[in-house]
Amino acid sequence: MYLVVYVKNIVIVPFASRLHGEHYYLHVLDVVRKHLERVGVSLEYSSVVTSEEEAKALAGKYADYLPVFVALTGGTSKLMHSFALAANYNRVVVLAHGEHNSLPSAVSARSKLDMEGVWTWLFHCGEVESTECFLSVQQMITVAKAVASLLGSRVLLVGPYTEKPELAEDFESRFESRVDVLSLEEFESELERARKDYVEHFVSVFSETEPSIPAEKLAEVGKVYAVLRSLAETRGYEGIAMDCFPYLIKHRLTPCLALALLNSEGVVTACEGDLISLALMLISKSLTGYTGWIANASRFEGTRAYFAHCTVALNMTRKFRIASHFESGYPYALAGELAPGVYTAVSMSPDFSVILAGTGRLLVSGSMYQTMCRTQLILDLDVNAEKIPLVAVSNHHVLIPGDVRKELHVIASLLGLDYAEYKELTEAV
């Protein structure tokens with residue numbers, strides 16, 4: 001038995017030719033279902049499409065979903081093409097296997113959709129009942145979930161705004177999503193109504209680490225945590241970006257600890273009003289279960305990249321301590337040591353058109369330098385890192401545990417973004 005979680009906004013659309021026999025293609029569909037259950041997901045399924053009439057009739061029902069086309073048999077490329085056009089899809093995920101001409105039809109469908117301007121990605125395997133096929137299904141659904149986490153998302157931007165900034169409109173356009181704006185004045189009024197139990201929870205977490213800090217001072221930051229958590233829960237936000245510098249300048253207090261706890265509890269929250277990094281954090285959470293760490297690209301020497309910032313999700317650290325905020329000296333920042341291993345450093349261009357990534361092994365992390373933000377990490381990227389400032393598309397990087405470059409490449413393609421890696425770009429400079 002597998003623990004299965006229902007995933008919204010993704011539909012499995014199976015296609016088959018009746019020439020191959022109903023018994024055969026229904027068996028293949030059953031195997032694919034079992035692979036998905038083993039991955040741990042339950043999804044919406046359409047009925048098997050075997051004619052153009054069925055394709056056009058079903059397309060309208062699933063027009064708002066991220067579609068996964070499954071070529072159960074050959075003779076289905078025209079059906080997949082017709083379904084995608086009737087539903088007016090911008091992107092399609094395709095799954096095929098090496099039996100009964102499934103893959104030839106999938107290749108043909110993918111090629112036709114590419115020419116129509118539909119962003120597609122084809123996953124395939126050999127024998128449908130093989131471990132190889134299970135792994136292809138696993139990778140496919142992992143990527144599809146990450147794409148679906150952005151498409152149609154609803155996020156909150158908190159800051160000194162009287163109207164929606166251009167960056168928020170760009171986010172909405174790129175990811176077919178909605179960005180709500182909460183002014184700093186409105187946010188401050190919410191602080192007066194912060195849930196007491198959430199504030200107490202916040203204080204208890206950090207007072208265990210730094211018992212010398214007065215509880216009433218922690219409670220001030222705890223109100224920020226409580227309000228953001230409540231807004232996410234009551235309004236259903238997938239993510240929050242807070243423009244924190246106007247807040248800390250006015251209140252002489254930073255929200256760094258609030259964001260650290262929110263992210264460790266799965267409420268994806270970006271600082272500095274950074275909707276660009278928020279998009280990557282939503283992807284990171286979907287891929288790995290961790291929201292990732294927003295960090296400044298602070299220094300490059302040889303193959304080493306130095307990243308630093310004043311907050312990090314608590315569940316990404318081995319240990320941490322509370323310190324003063326770097327630029328302002330105000331309370332409180334977080335100085336954390338990240339877990340050892342491989343990380344993917346990824347950034348996105350300000351116009352949401354390019355994803356750029358590289359992987360590296362963590363050499364050391366903590367708070368080694370007084371001239372950088374309080375949480376610091378050095379990665380060995382195994383490239384000429386000193387050329388990175390010449391090709392980087394953004395300062396802020398999101399560090400994601402593990403090597404997720406393959407997944408990011410597919411995600412970028414399905415979102416209509418260009419994808420590149422530091423290794424190829426630095427070698428070309």
Side-chain angles (χ1 to χ4, degrees), residues 7 9-17 20 25 28-29 31-33 35-36 39 41 43-46 48-50 55 58-59 62 65-148 150-151 283 286-287 355 404-421:
V7 178
N9 304 326
I10 299 174
V11 61
I12 304 294
V13 187
F15 295 84
S17 167
H20 293 261
Y25 64 71
V28 174
L29 178 57
V31 172
V32 172
R33 280 181 176 268
H35 286 327
L36 288 165
V39 173
V41 295
L43 302 165
E44 183 84 11
Y45 285 79
S46 81
V48 179
V49 179
T50 61
L58 284 169
Y62 297 108
Y65 286 73
L66 174 65
V68 176
F69 287 178
V70 182
L72 300 176
T73 72
T76 53
S77 63
K78 189 175 181 180
L79 298 178
M80 288 186 270
H81 182 258
S82 296
F83 195 108
L85 294 190
N88 197 30
Y89 286 138
N90 293 326
R91 56 190 60 80
V92 174
V93 181
V94 183
L95 175 68
H97 58 92
E99 301 170 355
H100 282 243
N101 286 330
S102 165
L103 184 57
S105 279
V107 170
S108 179
R110 194 228 77 228
S111 177
K112 291 175 184 177
L113 292 173
D114 283 347
M115 289 189 289
E116 297 282 359
V118 179
W119 301 312
T120 62
W121 196 274
L122 171 57
F123 293 88
H124 63 92
C125 57
E127 296 180 3
V128 70
E129 297 190 61
S130 66
T131 300
E132 174 206 2
C133 203
F134 164 71
L135 294 174
S136 293
V137 169
Q138 183 180 49
Q139 185 183 44
M140 175 195 74
I141 206 62
T142 298
V143 165
K145 284 169 57 183
V147 173
L150 267 178
L151 296 176
I283 291 171
S286 183
L287 289 179
I355 286 179
V404 294
R405 288 174 297 172
K406 290 181 180 178
E407 291 83 358
L408 289 172
H409 187 184
V410 181
I411 291 165
S413 296
L414 289 170
L415 291 172
L417 312 181
D418 292 328
Y419 173 82
E421 295 185 10

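Just so it is clear, the values below take in all heavy atoms, side chains as well, and ignore hydrogens, waters and symmetry mates. Computed from a predicted structure; not experimentally measured.
Of the candidates Y65, Y62, F69, Y45, Y45 is the only one forming a side chain to side chain contact (heavy atoms under 4.5 Å, CB included) with I12.
Residues in residues 102-115 take part in these salt bridge (charged side-chain N to carboxylate O under 4.0 Å, His left out) pairs, two or more places apart or across chains: R110-D114. Within the structure, salt bridge (charged side-chain N to carboxylate O under 4.0 Å, His left out) contacts touching residues 118-131 (residues at least two apart or in different chains) do not occur. Note on residues 81-146: pairs passing disulfide (SG to SG under 2.5 Å), not counting sequence neighbours, are C125-C133. Listed by first then second residue, pairs satisfying salt bridge (charged side-chain N to carboxylate O under 4.0 Å, His left out) with a partner in residues 72-96 read E52-K78, R91-E176, not counting sequence neighbours.
Put simply, CG on L103 and OG on S108 are 11.0 Å apart, with the number rounded to the nearest 0.5 Å. A distance of 7.0 Å separates CG in L287 from OG1 in T142, rounded to the nearest 0.5 Å. With rounding to the nearest 0.5 angstrom, the OG atom of S413 is 12.5 Å from the CG atom of L122. Here CG of N90 is found 11.5 Å from CG of L414. Values are rounded to the nearest 0.5 Å.
Contact of the R405 side chain with the Y419 side chain is registered, since non-hydrogen atoms from C-beta on lie closer than 4.5 Å.
Side-chain atoms of E421 and H409 form no donor-acceptor pair, as typed in the model, at a separation below 3.5 Å.
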Verdict with reasoning, L415 to L151, per side-chain contact (heavy atoms from CB on, under 4.5 Å): CA-CA 9 Å; L415 291 172; L151 296 176; 4.0 Å; yes
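V94 and M80 make their closest contact through CG1-SD, 4.4 Å (heavy atoms, listed as atom of the first residue, atom of the second, distance).
Among residues two or more places apart in sequence or in another chain, the ring pair (Phe, Tyr, Trp, His ring centres under 6.0 Å) test is passed with Y89 by none. Shown here are the ring pair (Phe, Tyr, Trp, His ring centres under 6.0 Å) partners of H20, two or more places apart in sequence or in another chain: H100.
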